Amino acid sequence: MKKILPMNHGLRGEIEIPGDKSISHRAIMLSSLGSSTVEIENFLSGADCLSTVECMKKLGAKIEMSGEKIFVTGNGLHGLKEPENILDAGNSGTTLRLLLGLTAPQNFLTTFTGDDSLRQRPMARVIKPLSEMGAKIVGRNENKNLPITVLKPEKKLRGITYKMPVASAQVKSAIILAGLFADGETEIIESAPSRDHTEKMLTAFGAKIEKSGDAIKIFPAENLTAPKKIIVPGDISSAAYWIVLASILPDSEVTIKNVGVNQTRTGIIDILRRMGARIEFLNEKISGGESSADLKIFSAKLRGVEFGGEFIPRLIDEIPALAVAAAFAEGETIIHDVGELKVKETDRLAAIVQEFNKISAGSFESTEDSLIIHGGEEKKFADCKTFSDHRMAMSLAIFGAAADGVKIDNSDCVKISYPNFFELFK
Ligand code: S3P
């Protein structure tokens, strides 16, 4: 439980944010497939990435954490070993879906489970393409929910061409990882571009992967050449809370150091700028194919916008924070094509409408796959539920701070992606 008081001043100063969650997962997994030691700098020690660490250890990788540093040594691309027990992905969809892709081609059996939330989430979307490749995967029921067992395939997986029905970086990455072990090339056609961290990092590990238009081709590999060091940029999804709060609180000027600004992730900045936000990029650089920059944000007068389609995968995790910005904007914001929000850590579409309306009555409405926000309504103190969803918790916290305060139930869930969120907030 946490009570957030209203802030009667702007947000000012310079802050650092934790490492990117998506990149941290991939850094652990790919380093575990190399055959030399990799140091991962600015690794996110959030619960989700620690689930990946535990799973990879059980699959045979050597992973040592000493203070802020983490060192990973793999046994080579073909060196994973059969886990002695069930792998627990906790709350982490990325851990589970990517590891389904990685274990599908292995000559051993792996069983996965996860927490109450993950056991409800759809896995057929990744089991389907992996099965087309020849993987043998069984789930608990016809929806293929957890627990899931990946059996030894009868023979080498085959390369396929797969047209993705939903834009999902997790599904895409699972197919790419399985494709490394297939008998020929695998082609994935994306319905809309989703985050491309797997593609970028695999290229840095020497794998052959080609992108042309909406198609991605992955070629089987003999081995991967791990770099000595991977530097993880700050997570733009974590920066989003401060970007929004600084934009809506008058008299704010905040610099967020070293934010990952890979353009498959910067939809939040594009949309906030369209709403009138003042966000500057400073000190841009590129490391391991990933761009980062310091972001400087000033308070601004925001106005409502309408968007959807290809923007959605570029800001899917930032929609709860963006909804807070929209509540302070002038006019209406309509976000189309957000059906995927229903299958996140909780049904975020329902959660936003139910809980955010407690702070700003009547401002939030949803249809089957869109979210409509009426800005400018009166805000009041409220007692809100997070549904143990880290992004709901942090979005409610900034909403309350910019409104008239909020009490949130399970605030602990921020440990999934941002363990020191409340300390920094204070
Ligand atoms: C992620 C992909 C997205 C995102 C999730 C992290 C990743 O999920 O919502 O938080 O690291 O690949 P989908 O692939 O389900 O869109």
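None of these values were measured; they are calculated from a predicted model. Every number for a ligand or one of its atoms is a count from 1 in the order of the listing. Heads up: numbering here begins at 1 and tracks the sequence.
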Query raised in the report: Does E284 CD have over 12 foreign heavy atoms under 6.0 Å away?
Result: yes
Query raised in the report: Where's the contact between K172 and ligand 1, heavy-atom distance under 4.0 Å: side chain, backbone, both or neither?
Result: neither
Query raised in the report: Which is it for R121 and ligand 1 at heavy atoms under 4.0 Å: side chain, backbone, both or neither?
Result: neither
Report task. Please list, chain by chain and in numerical order, all residues satisfying side-chain contact (heavy atoms from CB on, under 4.5 Å) with A246, sequence neighbours excluded. Result -> L11, S252, V254, I297
Report task. State, with a plain yes or no, whether a side-chain heavy atom of N258 is found less than 4.5 Å away from one of K285. Result -> yes
Query - Nitrogen or oxygen of A169 less than 3.5 angstrom from that of ligand 1 - result: yes
Query raised in the report: For ligand 1, which atoms, with element, lie under 4.0 Å from some heavy atom of S168?
Result: 13 (P), 14 (O), 15 (O), 16 (O)
Requested in this report: Please state which part of K344 comes within less than 4.0 Å of ligand 1, counting heavy atoms only: side chain, backbone, both or neither.
Outcome: side chain
Query - Salt bridge D20-R265, side-chain N to carboxylate O under 4.0 Å - result: yes
Query raised in the report: With the threshold set at 4.0 Å, does a side-chain nitrogen-carboxylate oxygen contact exist between R158 and D183?
Result: no
Query raised in the report: Judging by distance only, is a nitrogen or oxygen of S22 under 3.5 angstrom from one on ligand 1?
Result: yes
Query raised in the report: Counting heavy atoms only, which part of R195 comes closer than 4.0 Å to ligand 1: side chain, backbone, both or neither?
Result: side chain
